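Here the structure is laid out as structure tokens; the discussion comes afterwards.
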Amino acid sequence: MTDAQMGLSIVTQGIMLFAIAIYRMGVLQRTGIVSAAQAAIAIAASLFLRR
């Protein structure tokens with residue numbers, strides 16, 4: 001695994017944890033979490049597979 005792929009996997013998890021945290025604070029709705037998770041996973045997967 002290259003450094004870029006390692007960074008992508010860490011950042012994707014960070015985005016998802018941040019989305020969950022702000023959902024628990026009441027700032028983000030459930031659809032916002034789903035959208036953020038789908039976008040983060042799609043971007044990470046496309047960049048990860050392109051490398």
Side-chain angles (χ1 to χ4, degrees):
M1 185 180 278
T2 65
D3 290 339
Q5 290 171 332
M6 181 73 80
L8 282 172
S9 60
I10 292 170
V11 169
T12 303
Q13 292 175 5
I15 290 171
M16 293 172 65
L17 288 174
F18 185 71
I20 291 169
I22 61 175
Y23 169 73
R24 287 188 173 186
M25 288 182 211
V27 178
L28 192 64
Q29 295 179 353
R30 187 173 298 236
T31 56
I33 287 180
V34 172
S35 297
Q38 286 177 343
I41 291 170
I43 291 168
S46 69
L47 292 174
F48 189 83
L49 294 174
R50 255 191 239 172
R51 280 297 227 154

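Heads up: numbering here begins at 1 and tracks the sequence. If you're wondering where the values come from, they're calculated on a predicted model, not measured in any experiment.
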Validation: residues 26-39 side-chain donor-acceptor distances under 3.5 Å, sequence neighbours left out:
| from | atom 1 | to | atom 2 | distance (Å) |
| --- | --- | --- | --- | --- |
| Arg30 | NH2 | Tyr23 | OH | 3.1 |
| Ser35 | OG | Thr31 | O | 2.9 |

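Phe18 and Met25 fall within a single hydrophobic cluster, where Ile, Leu, Val, Met, Phe, Trp and Tyr are joined by side-chain heavy atoms under 4.5 Å apart, directly or via other members.
Between the side chain of Ser46 and the main chain of Ile43, a donor-acceptor pair closer than 3.5 Å is present.
The other members of the hydrophobic cluster of Met16, by chain and number, are Ile41 (side-chain heavy atoms under 4.5 Å, ILVMFWY only). When hydrophobic side chains of Ile, Leu, Val, Met, Phe, Trp and Tyr are connected at separations under 4.5 Å, Ile20 ends up as a singleton with no cluster partners.
Contact check for Met6 versus Thr2: no side-chain heavy atoms found under the 4.5 Å cut-off.
The distance from the CG atom of Leu47 to the OG1 atom of Thr12 is 8.5 Å, given to the nearest 0.5 Å.
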